[in-house]
Amino acid sequence: MMHLIEKLNPQQQQAVTAGLGPVLVMAGPGSGKTRVLTSRIAYLIGEMGVRPYNILAVTFTNKAAREMANRVTDLLGGVAPGLTLGTFHATCARLLRREAQHLPFDDNFVIYDQDDQLDLVKRALADLNLDEKRHRPPVVHNAISNAKNELILPDAYPVQSYLDEVVRRVYKRYQELLLSNNALDFDDLLLWTAYLLEENASVREKYARRFEHILVDEFQDTNQAQYRLLRHLSSFHRNLFVVGDADQSIYRWRGADYRNVLRFQKDFADAQVILLEQNYRSTQAILDVAMAVIDQNPQRIRKHLFTERGAGQKVVLFEAYDDRKEAEFVVDTIRSLTARGRMGLSDFAVMYRTNAQSRLLEEAFLQAGIPYKLVGAQRFYGRREIKDVIAYLRLVHNPNDEISLTRVINAPTRGIGEKTFLSLRTLALRLETSPGALLLEMGRNPEAPAADAINSRARAALVNFGDLLRNWVAVKDSLTPLAMMERVLEDVHYRSYIDDGTDEGRDRWENVLELRRLAAEFQQPGLDAFLERVALVSDQDTLEGTTNAATLLTLHAAKGLEFPVVFITGLNDGTLPHSRSFDDPEAMLEECRLFYVGITRAKDRLYLIFSQNRTAYGFSEPVAPSRFLDYIPYDLLDEAQPTRSRQPRKGQGERRLERWDAAEVIPSRPAAPVERRYQPGMRVHHPSWGEGMVLNSKLQDGDEIVDVHFAGVGLKRLVASLARLEIKV
DNA sequence: ATGGACAATGTTTTT
DNA sequence: CATTGTCCAT
């Protein structure tokens, strides 16, 4: 144990052996933060005599939780019984099931994923007679989710415009629907936990006393709900140990608020603050580029990253003719680097901003015959057949779950179409029960009261399915998840439904078998554990270790990983930074941090790739290099030549490095204004925000920055050359 | 009730 | 361009 601590650098040691009280560890990339966290847990247990039962450690992903658990086990030379180590969401789900008697739902609640949540928003809109066209479900859902992340309940939802008013009503209805389905969405897991700890002093005290030590990974990614519940949980002992890096905060859009770091310092003014700056991952050449990029981010706590790994190879910059040539360059480079036999395919990662960009890369890899694995994207749990099977099991587990019922009631088709289902729902509403419960009742007793409100043919179909469901529910507690799943699949002839003999059908059945293998891991009867696992596992978590293949993944998915060789593709304005961030300065900073995260994944070699043209809407168009490339001093970069065929270049493209002042070379970027076009008081029109009034404007960096107030939207800061603003007369 | 043809619509990141 | 939804014919 002690020799393990001696291997740590002084800052790491200080963090691991920090005494009681709040601790904030600001950990640069590759600075060994997981090591610090796990060593601290081992230290608390092994040296300080803390019982594992009294320790809580939370992460954001299952993968991180798993890795931490393994490393703690290694450090201690055995498992730590009773240690609570898991994701925020899983930990909250467990707590809520245990304390469900204090809450307005049952302990067998189901957890709705993104798709289910969207379905539910649609239903709420329909219930309120609101038009989906006018109020886009994803937009409304996003507003609801943001409110939940900030712990705002429907009645407290601030209304400043008609749209807010709509959201407030939908939000309210949405929550009612969740409760009547005995379901929670992802946000609810955090919201209800925070609410419970806030409102119920005895529950709060119970857990606050229990958790003598709380450790948090990726603290910069916490949202308000998470921060609040951490505060409640640590209210008794105040031993809150958080590790994070504001420079790697890339989930603002999901409610993450890196200002929690500032809040922490304010709320725990006595906190010890420890900076981890030594990097054990990358060469200095890579770190220098990383720092050049991130230093453009204002108002940050400056960290000086250094390594003892030596200078290493210069970072390579490559300008491709178009996105197809980008992919070609990646494939060629991998081929030549592996040809010497010193590197394996699993050493390579190719990163991009948007999932759509993976397509061309995949094609290039396929054509070159290089194996690759794609992280995320074609979500396993998002596949129709997987969702179907899970919906069946969820329905058995909780017949009130209407979203799942809707999904499977006619898949495979069994003569229950939209109209029949509607009559079932109507009747259920009249009888003040749920459609699922009514269905069960009809299965039990075909002559059920009032059932004759439905015509005989439809009724027969419903009775049939109800009977099936009734039989499943009767055995659900005595069968293992695997047995239950097999029973359902067989009863509904699911295989013949999806496996139509085509290749695609075979694939679908293969996926079901894959799910079956997962179910086989659960030995105990009962569906809770299995369903919770499939609800809270993300596709990122399915990324396996050391197969002999290159990895293709988004920059977001890359966080927390490392690779000897990294390619970052699509370094063009509009892609990275993404065009949807242009008019929001905060979002632009986040794009920059995303780039930084990508850079710092590389251990030995880094390739930065941009192109002159990019395919959008099916047409190839000229694009500007990413403005983030301007942040990097030339002498930190090497310019690569095409590895195989020379590509057509247009005139001056060759010497771009000396003058890639985008505004000159790329015609698509409007010329910089020399004087102000917008004056305070002017009325303007924006394609998405409508009418607004100019409050202020100024010239900056050769562009005009305009502050506009839009009715119902609020104040927006826009870059004149990018925002499609029209001046109204 | 189901499947096909056509049209519109819209492109970020995901626990 | 490619996916998603809508309408229509069976």
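A quick note: this is a predicted structure, and the numbers were derived from the prediction, not measured. Below, chain A is the first sequence line, B the second, and so on; all start at residue 1.
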(message) Just to be sure I understand the geometry, which residues of residues 242-256 of chain A put a non-hydrogen atom under 4.0 Å away from DNA chain B?
(response)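 DNA chain B contact set from residues 242-256 of chain A: Trp253(A), Arg254(A).
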(request) Would you please name every residue forming a side-chain hydrogen bond (donor to acceptor under 3.5 Å, both in side chains) with Arg71(A), sequence neighbours left out? (result)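 If we apply the side-chain hydrogen bond (donor to acceptor under 3.5 Å, both in side chains) test to Arg71(A), skipping adjacent residues, the hits are Glu67(A).
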(message) List the residues meeting side chain to side chain contact (heavy atoms under 4.5 Å, CB included) with Val261(A), not counting sequence neighbours, and say none if there are none.
(response) Leu24(A), Phe219(A), Gln265(A)
(message) So, using side chain to side chain contact (heavy atoms under 4.5 Å, CB included) as the criterion, who are the partners of Ala458(A) when residues are at least two apart?
(response) Thr420(A), Ile454(A), Asn455(A)
Extract from the structure each pairing of a protein N or O with an N or O of nucleotides 2-4 of chain B at less than 3.5 Å, listing the distance.
{"residue": "dT2(B)", "atom": "OP1", "partner": "Thr413(A)", "partner atom": "OG1", "Å": "2.9"}
{"residue": "dT2(B)", "atom": "OP2", "partner": "Asn410(A)", "partner atom": "ND2", "Å": "3.3"}

(request) Among Arg252(A), Lys559(A), Arg254(A), find the one that has a salt bridge (charged side-chain N to carboxylate O under 4.0 Å, His left out) with Asp221(A). (result) Lys559(A)
(request) Give one of base, sugar-phosphate or nothing for Thr87(A), where a contact means two heavy atoms less than 4.0 Å apart. (result) nothing
(message) Distance check needed: dC1(C) P versus Glu621(A) CD, whole Å only.
(response)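 About 13 Å, once rounded to whole Å.
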(request) Decide, applying a 5.5 Å centre-distance limit and a 30° plane-angle limit (both strict), whether His578(A) stacks on dT12(B). (result)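 So yes, this residue stacks on that base, both cut-offs being met.
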Pairs under 3.5 Å (N/O, protein and nucleotides 3-10 of chain C):
{"residue": "dT3(C)", "atom": "OP1", "partner": "Arg359(A)", "partner atom": "NH2", "Å": "3.4"}

(request) Answer yes or no: does a side-chain N or O of Arg136(A) lie under 4.0 Å from OP1 or OP2 of dG10(B)? (result)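 For dG10(B), OP1/OP2 do have a side-chain N/O of Arg136(A) under 4.0 Å.
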(request) Dump the intermediate steps for ring pair (Phe, Tyr, Trp, His ring centres under 6.0 Å) on Phe628(A) and Tyr631(A), then the final yes or no. (result) CA-CA 5 Å; Phe628(A) 298 152; Tyr631(A) 299 166; 5.7 Å; yes
(request) Hey, can you tell me if Tyr607(A) and Phe567(A) have their rings parallel, tilted or perpendicular (30° and 60° cut-offs)? (result)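 Rings of Tyr607(A) and Phe567(A): parallel, as their planes differ by under 30°.
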(request) With P as the reference atom in both, quote the distance from dT12(B) to dG5(C) in angstrom, rounded to an integer. (result)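 dT12(B) and dG5(C) have their P atoms separated by 15 Å.
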